[in-house]
Amino acid sequence: QVQLVESGGGLVQAGGSLRLSCAASGRTFSSYRVGWFRQAPGKEREFVAHITKSGGTTYYTDSEKGRFTISRDNAKNTMYLQMSSPKPEDTDVYYCAASTQYTVVVFIDGYDYWGQGTQVTVSS
């Protein structure tokens, strides 16, 4: 098993920047593909980005591509989401998740472990 804890959320102005972190403990972090999701109140959790075990390949939804950057540091057991020029519509709770699958995973059911979420609020 792996335990995930997000941090770095908060209030940011539109056009600014924010970096979310996801710290892992437990089983070897590098054993998992990991990803970020976002969720607004009353809505389904949505896929944001995914990164392979080595960090060599990343995958994004079209709306986040070019604005958000997912990365990981396996030596520190930590994953990141760099949010550049966020927009007010990026206001959501952001979750990190770990998967034991062997391919890119964009669906909630493909992830085995989840963090508790961190709130991001983007002001206009």
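Since we're looking at a predicted model, the values are computed, not measured.
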Is the number of heavy atoms from other residues, nucleotides or ligands within 6.0 Å of [atom1] ([X]) greater than 12?
X	atom1	result
Gln82	CD	yes
Gln1	CD	no
Tyr113	OH	yes

Problem set entry | side chain to side chain contact (heavy atoms under 4.5 Å, CB included) evaluation trace for Val105 with His50 | CA-CA 7 Å; Val105 187; His50 175 96; 4.2 Å; yes
Exercise. Can you name the salt bridge (Lys or Arg N to Asp or Glu O under 4.0 Å) partners of Asp90, sequence neighbours left out?
Worked result: Arg38, Arg67
[atom1]-[atom2] distance between [X] and [Y], expressed to the nearest 0.5 angstrom:
X	Y	atom1	atom2	value
Ile108	Ser99	CD1	OG	13.0 Å
Asn77	Arg72	CG	CZ	9.0 Å
Met83	Trp36	CE	CH2	9.5 Å
Thr91	Gln119	OG1	CD	7.0 Å
Tyr95	Leu81	OH	CG	15.0 Å
Ser84	Glu64	OG	CD	12.5 Å

Shared hydrophobic cluster, [X] / [Y] (ILVMFWY, side-chain heavy atoms < 4.5 Å):
X	Y	value
Tyr111	Phe107	yes
Leu20	Val122	yes
Val93	Val12	no
Leu18	Tyr94	yes

Return the minimal non-hydrogen interatomic distance between [X] and [Y], and the atom names on each side.
X	Y	value
Asn74	Ser30	ND2-CB, 3.5 Å
Met79	Cys96	CE-CB, 3.4 Å
Leu4	Ala24	CD2-CB, 3.8 Å
Gly9	Val120	CA-CG2, 4.2 Å
Ala98	Val2	CB-CG1, 4.0 Å
Val5	Gln116	CA-OE1, 3.7 Å

Exercise. Do Tyr32 and Asp112 have side-chain heavy atoms sitting under 4.5 Å apart?
Worked result: no
Quick check: does any side chain N or O of [X] sit under 3.5 Å from a backbone N or O of [Y], one acting as donor and the other as acceptor?
X	Y	answer
Tyr60	Ile70	yes
Gln13	Ser123	no
Thr57	Thr52	no

For this session: Mind checking ring pair (Phe, Tyr, Trp, His ring centres under 6.0 Å) for Tyr80 and listing every partner two or more places apart, or none if nothing turns up?
Result: none
Exercise. Could you walk me through whether Trp114 and Phe37 pass the ring-ring contact (aromatic ring centres under 6.0 Å, His included) check?
Worked result: CA-CA 10 Å; Trp114 293 85; Phe37 284 73; 5.0 Å; yes
